[in-house]
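This report concerns only the one structure given below.
Ligands are counted one by one from 1 in listed order, and the atoms in each one are counted from 1 as well. Position 1 is the first residue of the sequence; numbering continues from there.
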Amino acid sequence: MTQEEILSIDHKHIWHPYTAASRPMDNLVVKKASGVFLELEDGTRLIDGMSSWWSTIHGYQVPALNRAIQQQLENMAHVMFGGITHRPAAELTQALLEVVPQGLKHVFYSDSGSVAVEVAMKMALQYWHSKGQGSKNRFATVRSGYHGDTWHDMSVCDPVTGMHSIFNNRLSPQIFLPAPQSTFHGQLIPEELEEVERVLSSHHEEIAAFILEPIVQGAGGMRFYHPDYLNSLKTHCEKYDILLIADEIATGFGRTGKLFACEHAAITPDIMCIGKALTGGYMSFAATLCTADVAHTISDGSPGVFMHGPTFMGNPLACATALASLELLLAKDWKAEIQAIESHLNDALAGLQTLEAVKEVRVLGAIGVVEMKAEVDMKAIQAALTKRGLWLRPFGKLIYTMPPFVITPAELQQLTNAMVDSIKAYGEKLTEEK
Ligand SMILES: *Cc1c(COP(=O)(O)O)cnc(C)c1O
């Protein structure tokens, strides 16, 4: 197929994330990828500043991951998980339990982050059902969150950016608190935790669990909040008998400078979701982990089993790849790698703060965010970025990067140069138009 034929089929028949079938986007045709580079059909090479949505932490064509898949293929690509288990699942589970927050003991594997969140929410509901407290069946969360696109996940996503209005009265109404205002690098605002306590104390009889992204609110606004917020929230949840679900799907595996973002607050959630970087971005795979209390309460109640079981649960190829990815991460000084990226992003992006069009620059771990004052013209800014050899996917007012951890200093310099130049040019054009 020629590039034109690929694009023609794509335009006519293929949906892409959050797009209109009748007004297709000018998608780039990627032929292959290696290291931190995407290579297009026409030979253009772009640095992937998005890590394919938080996932390709080791970059592309990683020898150890390729090898793990090939070796696993010689045994089996897949086998059902009902009544069957296998070495890749056992080995991955053992490795995960050594590194996740202490106290998480049981792992439920599924095929995507959204499903992992559905599973977490079902665990919370079954937990209270088993305790004979079925009226604890709602969820509390904070605004600006993102937890996936399936039905119950949507109900706990930010009501505005999560498009609750479209699905309106078909979504379960949940309890929303304001998005945390205490910033990661700023002061804790005690009043907002008093507000959290007020809401939890008046609604605890109907709340099964509090769900939120630890420390970094990702797709709902790229916001970094104070570790003590999370720590206090955990304390309030314990006091009011509310389970805490930490959605680590974006933050897990080092992205924020800790292996899991919960570590910033030194907490163990009752239930934790991981995905995205779990397989180093090689394939769709996720897991929901929980404490012995959650697992045993569900299992000792009625119906005595946890009611979920995906066809591709515990997929051996995904387990083998995830294990290889975790081993690769732990075998190197990943903390130093993230710190180097963090300090480069801080230095390189700081100057943008003075631009008229820029509201705020913020950096945490291997995440760099430039928040503009107004919604960006995504097509214009993306064209400017790709012309300078960089792939980013801005949304709303946000132009941001979370590069693969393996990015070299020279590549990172190229990335931030492209980002800074594009944003400056974009900002100047806005000023001229005024
Ligand atoms: C991406 C994401 C999800 C959904 O994961 P999918 O694999 O896209 O279904 C859920 N929660 C968070 C925090 C995410 O970043």
Side-chain angles (χ1 to χ4, degrees), residues 15-19 48 50-57 100 108-124 139 141-159 161-163 171 174 179-180 209-225 230 233 244-256 258-262 264 269 271-289 308 310-313 315 318 321-322 325 364-367 369 393-396 398 400-402:
W15 286 105
H16 285 267
Y18 315 107
T19 52
D48 178 11
M50 299 298 288
S51 296
S52 273
W53 274 335
W54 311 85
S55 65
T56 53
I57 54 175
V100 294
F108 190 103
Y109 291 108
S110 60
D111 21 35
S112 79
S114 296
V115 174
V117 172
E118 294 279 347
V119 166
M121 294 174 84
K122 284 174 72 171
M123 279 181 180
F139 292 86
T141 186
V142 287
R143 288 179 184 263
S144 294
Y146 177 75
H147 298 286
D149 289 344
T150 55
W151 209 248
H152 264 74
D153 297 1
M154 276 200 299
S155 76
V156 289
C157 288
D158 184 84
T161 59
M163 302 289 172
L171 295 183
Q174 313 293 13
F210 200 113
I211 178 169
L212 85 173
E213 296 148 281
I215 306 300
V216 174
Q217 294 193 288
M222 300 299 293
R223 306 172 77 257
F224 312 146
Y225 66 86
L230 183 57
L233 177 65
L244 181 66
I245 303 174
D247 180 351
E248 289 257 13
I249 290 168
T251 48
F253 303 101
R255 180 60 64 182
T256 68
K258 302 277 187 194
L259 206 51
F260 295 96
C262 283
H264 288 284
I271 302 173
M272 184 171 108
C273 305
I274 53 176
K276 288 200 163 104
L278 174 59
T279 59
Y282 264 53
M283 60 191 81
S284 184
F285 193 48
T288 310
L289 296 90
H308 206 96
T311 304
F312 290 99
M313 186 169 183
N315 174 260
T321 317
S325 175
L364 178 66
I367 312 169
V369 182
R393 184 133 177 103
F395 72 84
L398 303 165
Y400 63 104
T401 183
M402 52 272 189

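Ring geometry for F285 against Y109 counts as parallel: the plane angle stays under 30°, on a 0 to 90° scale with 60° as the upper cut.
With respect to W54, the side-chain contact (heavy atoms from CB on, under 4.5 Å) criterion is satisfied by exactly one of I249, I367, T251: I367.
Aromatic ring centres of Y400 and F395: separated by under 6.0 Å.
Taking each heavy atom of Y146 and C157 in turn, the nearest pair found is CD1-SG, 3.9 Å.
Counting heavy atoms under 4.0 Å from ligand 1, residue H147 touches it through the backbone alone. Contacts with ligand 1 closer than 4.0 Å are made by no heavy atom of W53, backbone or side chain.
Per-residue contacts place S114 under 4.0 angstrom from the following atoms of ligand 1 (heavy atoms of the residue considered): 4 (C), 5 (O), 6 (P), 9 (O). Here is the list of ligand 1 atoms found below 4.0 Å of a heavy atom in G148: 4 (C), 10 (C).
Between the choices S110, G113, S55, the shortest heavy-atom distance to atom 6 (P) of ligand 1 belongs to G113.
Looking only at distances, no side-chain donor or acceptor of E248 sits under 3.5 Å from a matching main-chain atom of M272. In this structure, the side chain of Q174 does not engage the main chain of V156 through any donor-acceptor pair within 3.5 Å.
The shortest contact between atom 14 (C) of ligand 1 and any protein heavy atom is with K276 NZ, 2.9 Å. In terms of protein heavy atoms, atom 12 (C) of ligand 1 is closest to D247 OD2, 3.4 Å.
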